[in-house]
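See structure below.
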Amino acid sequence: MKTFDGKALRKNGFLSLPRDITLALFLAIRAVKRASLGTSLLIISIQILTVLNLLLVNGILVGLIEGSETTYRLSYSGDIFISPLITRDRVENTEQIMNDLRHDPDVTSISRRYTASGFIASVPARSNLKDVPNETGTTIVGLNPANENSVTKLDEQIIAGRWLEPTDTNGIVLGNRLLQQYFDVPIERGILRNVELGDKVTVSFGTSTREFRVIGIVFSKIDPVARRAYILDRQLLALTDKFNLNAGEIAISLQPGADPEAWVNRMKAKHYGSGASIKTARESMGSFFSEVTGTFALIANIIGGIALLVAAVTVFIITFINAVTRRKFIGILKGIGVTERSIEIAYVLQAVFYALVGIGVGVAMILVLDPYFDKNPIDFPFSDGILSVTTSGILIRSGILLAVTFIAGYLPARRIVHGNTLDAILGR
Amino acid sequence: MKETLIKVKHLVKNYQSGHIVTKVLKNLTFDVYKGEFLSVIGPSGSGKSTLLYQLSLLDRPTSGSIHYGKLCVTDLGSKERTALRLNYLGYVFQEYALLPDLTAIENVMVPNIMRGFGKAVAREMAKAALEKLNVGHRLDNLPGQLSGGEQQRVSIARAIAHTPAILFADEPTANLDTVNSDQVMDAFLDLHYHGQTIVMVNHEQEYAKIGDRIMHLLDGSIERFEPSHHKKR
Ligand SMILES: Nc1ncnc2c1ncn2[C@@H]1O[C@H](COP(=O)(O)OP(=O)(O)O)[C@@H](O)[C@H]1O
Ligand SMILES: [Mg+2]
């Protein structure tokens, strides 16, 4: 015969969490199994949309930056970019640096470029004194085509004519942003109008001027490439400071797998840092990109925050309705001795289950989209956007969604479950 | 000598809404003995359900005390009361009160799992209880697929699966037709025959004659006790 014993009651494990969880699992599994398909699909869809919102928006915005970094590296800086110190316009000790680079096992190719400021004008620059002169000031780059092609892919970005060849004396390749026809908005000043492939242009450096023929137009979404003109290195030297062989910039490719940052640190340790600026592609992109990245991350976080809020409210409402319509049965459960905590856990488990399914499907979709975007980048004005997703990004965002779901499921469940048992049973 | 299982002293229950106080239970003092079948009858509104809620720890009295053996249950916190209900009491509600998402056997398993039995044991216990109540052939049906009598018998199985010290029932046949009612009453009588202490509220005079002792409740007071004339089977 059972005897009533308060002490035994207190001791005898009725506060046992494992027991509460076991029963909660029992109830939650059956509730999910026997839930209406429509409701389940609705909840799961919202969770999927939230996951996509959290990962996709962020991934596209960050991917846009990553896309422009890739463009920057493949069409301008190489893995490593050596440029003059701010106070100079040439890379000091270029010969010594070049010598070291040629013997560096990590370096696969080098493009030594000369740069000079100059004016490019159509021929004639104006037919009438009242006209706006048809000319633009820009950086003229002198390069060795063979070396350049081994570091960058500029030759693949030609949209008219062809890329420079070693024999192209008096040939010039123009960046698309020097030419009016490549702008959507009409710009009058500081740009070449009606200059086409095959046309003659004059290039002036200070006092020396030379006529060139436009042999190609290179297209890029980034200014350092699109706002430049390209000629052969020996010709640039001849027209400018022919006795100074220090480079304007040096772009370097490293072996695949080599760590650019470690490499830069090694180079700096050799004191070249004192005569030149040695940076990885990312560093040399400078503050513009890091600021844009910051802005985009903020935007992505705001959008993601709204998505989380929507998901939280949805889970809250669904759990609330679910619990309110079952208030009587919650009362009966409590009436027959089921703990409040166990019932609350059952509701939270249901919400978390739907969130896990949503996360699973959402993440699977992202993992399918990621390689797709790699092959088919999004055409943004200043970059070819890819999808930037990292394992840690997926884990963190999924974790946040789970935590939000947990709370959004727990609060309404607790509100209903905590009510008076008898009132719940009698529907008062 | 009869062993006292529940001792009720000066039990008062008032409901207050605004300034209006409704006195529902007016100073009740009585005992419930171990192994007896106590019927509580009275007209509608006389306070039968309210009395049962106090006895079964679903509600707290305004004043007075209830002892289970030597344990004063009116002083206990809500967690202890939940644990008492789980481990010592069984309750059969007027409506069948089964969880609609759970099959018959799952409904009976729920309190067993809460009591800490593993799922397999809980299932065996539930199956035994359902068989005892002649619904062993309906284990895997959802409540909606059962007749009223079957549902109520599942509900009784859930209440007795752990052989509770006391089984409470509040008009368990109120929603049933005669055939189903008789089945359910037979089930209670059978449990009583095997020693189960039962406190049952009944509206209908017919079933009130069932039981060892009949408490007549009138307007919140005990009018009288009456020994039953029905024979134990
Ligand atoms: N929550 C409540 N508030 C106010 N009065 C109540 C409440 N619950 C029950 N009553 C009143 O108490 C009396 C007894 O109710 P109840 O115990 O349900 O009677 P019975 O079960 O005998 O029909 C009734 O007059 C009823 O109106
Ligand atoms: Mg009643």
Side-chain angles (χ1 to χ4, degrees), chain A residues 1-36 322 325-326 328-343 345-346 350 417-428, chain B residues 3 5-6 34 49-50 53 56-60 67-73 75-91 93-95 97-103 106-107 109-119 122 142 155 158-159 162-166 195:
Chain A
M1 163 65 201
K2 296 184 181 187
T3 51
F4 303 109
D5 180 348
K7 244 187 260 164
L9 266 182
R10 255 169 289 253
K11 253 190 353 198
N12 199 13
F14 66 87
L15 281 174
S16 151
L17 184 60
R19 240 179 244 190
D20 286 351
I21 293 173
T22 309
L23 181 62
L25 256 174
F26 182 85
L27 293 173
I29 288 171
R30 281 155 186 83
V32 165
K33 268 209 299 216
R34 290 167 194 155
S36 91
N322 203 354
T325 53
R326 270 146 219 277
K328 179 181 175 188
F329 301 110
I330 291 173
I332 287 163
L333 280 172
K334 285 164 65 183
I336 61 176
V338 174
T339 62
E340 293 186 1
R341 186 171 57 185
S342 183
I343 305 169
I345 295 172
Q350 287 177 60
V417 172
H418 208 53
N420 182 287
T421 306
L422 198 52
D423 288 349
I425 294 173
L426 300 176
R428 292 199 287 227
Chain B
E3 188 186 332
L5 208 54
I6 307 180
K34 187 183 168 224
S49 295
T50 308
Y53 300 148
S56 63
L57 311 183
L58 285 170
D59 201 3
R60 284 175 191 274
H67 281 79
Y68 283 4
K70 290 199 180 73
L71 181 70
C72 178
V73 292
D75 294 343
L76 292 175
S78 70
K79 280 179 181 158
E80 282 95 345
R81 292 155 69 87
T82 301
L84 260 182
R85 283 203 304 272
L86 177 69
N87 291 307
Y88 296 103
L89 310 184
Y91 201 105
F93 297 87
Q94 180 172 337
E95 290 158 45
L98 296 175
L99 302 161
D101 294 339
L102 301 185
T103 62
E106 287 167 349
N107 261 283
M109 285 169 74
V110 165
N112 288 338
I113 294 172
M114 190 79 249
R115 286 173 195 121
F117 294 107
K119 231 169 269 166
L142 291 171
S155 188
R158 182 176 66 187
H162 58 305
T163 48
I166 311 151

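As a basis for the values below, the full set of heavy atoms in this structure was taken, side chains included, without hydrogen atoms, waters or symmetry mates. A quick note: this is a predicted structure, and the numbers were derived from the prediction, not measured. Order of the sequence lines sets the chain letters (A, B, ...), proteins ahead of strands, with each chain counted from 1.
Looking at L57(B), neither its backbone nor its side chain comes within 4.5 Å of chain A, counting heavy atoms on both sides. At a 4.5 Å heavy-atom cutoff, the contact between T103(B) and chain A is made by backbone and side-chain atoms alike. For F329(A), the parts lying near chain B are the backbone and the side chain together; criterion is any non-hydrogen pair under 4.5 Å. Looking at L25(A), there are no atoms closer than 4.5 Å to chain B (heavy atoms on both sides), in backbone or side chain.
Of all the heavy atoms in V32(A) and Q350(A), the pair that sits closest is CG2-CG, 4.1 Å.
A donor-acceptor distance shorter than 3.5 angstrom exists from the side chain of N107(B) to the backbone of L102(B), with no hydrogens or angles considered. For the pair R85(B) (side chain) and K334(A) (backbone), a donor-acceptor distance under 3.5 Å is present.
Note: L333(A) leads N420(A), L333(A), T421(A) in heavy-atom pairs under 4.5 Å with chain B.
The side-chain contact (heavy atoms from CB on, under 4.5 Å) check on E95(B) picks up K328(A), N175(B), with sequence neighbours excluded. Qualifying salt bridge (Lys or Arg N to Asp or Glu O under 4.0 Å) partners for R34(A), counting only residues two or more places apart in sequence or in other chains: E106(B).
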